[in-house]
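The structure appears right after this line, and notes come after that.
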Amino acid sequence: MFFKKKKRKRLPNKKSMYSVGEIDAVQVVKVYDGDTIRVRFKNNKEERVRFLLVDTPETSHPRKGVEPYGEEAKLFTRYMINQSRVVELGYDAEKRDHYGRLLAYVYVDRKLLQEELAKKGLARVSYTRNRNPDMVRKMKEAEQMAKSKGKGIWSNKTYVGRSGYHPEKMNWIERTYKLLRGKLLRVVLDSFV
């Protein structure tokens with residue numbers, strides 16, 4: 001046999017999860033971008049879900065278009081979901097945003113996906129008002145780790161601001177390179193699927 005069969009790790013204990021409220025196992029139907037997915041619940045109802053506590057660069061915004069690292073965030077989210085055995089949603093006090101999307105903590109094999117995005121430098125911590133303080137602290141620690149290493153969105157000190165992402169503050173060569181790299185990565189990975 002040329003390939004060793006990969007042994008699956010046991011999932012962490014559910015008690016190690018730190019969200020508020022109930023947990024729902026779901027099937028992911030579509031990944032829109034790094035922080036928004038469409039899921040199907042056990043009753044076959046489908047919902048658009050916005051990740052709590054993070055903001056990733058845009059991939060299909062009508063006004064902003066594609067932002068640097070948007071494709072990477074979307075691909076990472078899709079990869080983490082596709083590699084997982086179990087996808088679960090946990091909720092906070094507020095269940096919906098002003099667009100009507102379900103707000104949730106997204107767990108892949110009981111790992112918080114938002115935290116993984118922040119650790120890789122593919123998301124900034126945002127929308128923290130009235131959220132679970134333990135979750136906010138954990139997310140800020142992950143963000144700080146990526147920031148201190150200059151990963152992803154933190155590789156250019158002017159790109160991320162309090163109000164979001166500012167590709168116009170990057171020099172045009174760097175901005176073009178980051179956008180083309182994301183598109184090339186998507187094309188290469190999609191050809192393997």
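Please read all numbers here as calculations on a predicted model, not as lab measurements.
Summarising the local packing, CZ of F41 is surrounded by more than 12 heavy atoms from other residues, nucleotides or ligands at distances under 6.0 Å. Other residues, nucleotides and ligands contribute over 12 non-hydrogen atoms within 6.0 Å of the NZ atom of K151.
Considering CD1 of I81 and CG of L113, their distance stands at 6.0 Å, rounded to 0.5 Å. In this structure, CZ in F51 is found 11.0 Å from CZ in R101, a value given to the nearest 0.5 Å. The OH atom of Y165 sits 8.0 Å away from atom CD of E67, with the distance rounded to the nearest 0.5 Å. Note: D97 CG to L103 CG = 5.0 Å, rounded to the nearest 0.5 Å. Atom CD of Q144 and atom CH2 of W154 lie 8.5 Å apart (nearest 0.5 Å). Atom CZ of R48 is separated from atom CD1 of I37 by 11.0 Å, given to the nearest 0.5 angstrom.
Contact of the Y69 side chain with the S155 side chain is registered, since non-hydrogen atoms from C-beta on lie closer than 4.5 Å. Side-chain contact between V49 and L89: present, with at least one pair of heavy atoms (C-beta onward) separated by less than 4.5 Å. Contact of the N132 side chain with the Y105 side chain is registered, since non-hydrogen atoms from C-beta on lie closer than 4.5 Å. Contact check for R50 versus L102: no side-chain heavy atoms found under the 4.5 Å cut-off. In this structure the side chain of S126 never reaches within 4.5 angstrom of the side chain of L53, judged on heavy atoms.
No side-chain donor-acceptor contact under 3.5 Å links R40 to the backbone of N44. Judged by distance alone, with hydrogens and angles left aside, the side-chain atoms of D109 form a donor-acceptor pair with the main-chain N or O of V86 at under 3.5 Å. Within the 3.5 Å criterion, the main-chain N or O of V108 finds no donor-acceptor partner in the side chain of S84. In this structure, D24 contributes its side chain and E88 its backbone to no donor-acceptor pair below 3.5 Å. The main-chain N or O of Y32 is never found under 3.5 Å from a side-chain atom of T36 such that the two would form a donor-acceptor pair.
Of all the heavy atoms in V87 and V106, the pair that sits closest is CG1-CG1, 4.2 Å. The shortest heavy-atom contact between P57 and L122 is CD-O, 3.6 Å. Residues A118 and A146 approach most closely at O-CB, 3.2 Å, considering heavy atoms.
Linking ILVMFWY residues whenever their side-chain heavy atoms come closer than 4.5 Å, directly or via other members, places V26 and Y79 in the same cluster.
Remark: E94 engages R131 in a salt bridge, criterion side-chain N to carboxylate O under 4.0 Å. Contact check on R96 versus E47 returns a salt bridge, with a Lys/Arg side-chain nitrogen under 4.0 Å from an Asp/Glu carboxylate oxygen. Contact check on E72 versus K74 returns no salt bridge, with no Lys/Arg side-chain nitrogen under 4.0 Å from an Asp/Glu carboxylate oxygen. Under the 4.0 Å criterion applied to side-chain N and carboxylate O atoms, E141 and R137 are assigned as salt-bridge partners. Ion pairing between R124 and E143 fails under the 4.0 Å rule for side-chain N and carboxylate O.
A donor-acceptor contact closer than 3.5 angstrom links the side chains of T56 and D35.
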(request) Take M139 and V54 through the test side-chain contact (heavy atoms from CB on, under 4.5 Å) and record every step on the way to the result. (result) CA-CA 9 Å; M139 290 298 300; V54 292; 3.3 Å; yes

(request) List the steps and the verdict of side-chain contact (heavy atoms from CB on, under 4.5 Å) for L112 and E116. (result) CA-CA 7 Å; L112 184 63; E116 299 301 314; over 6 Å; no

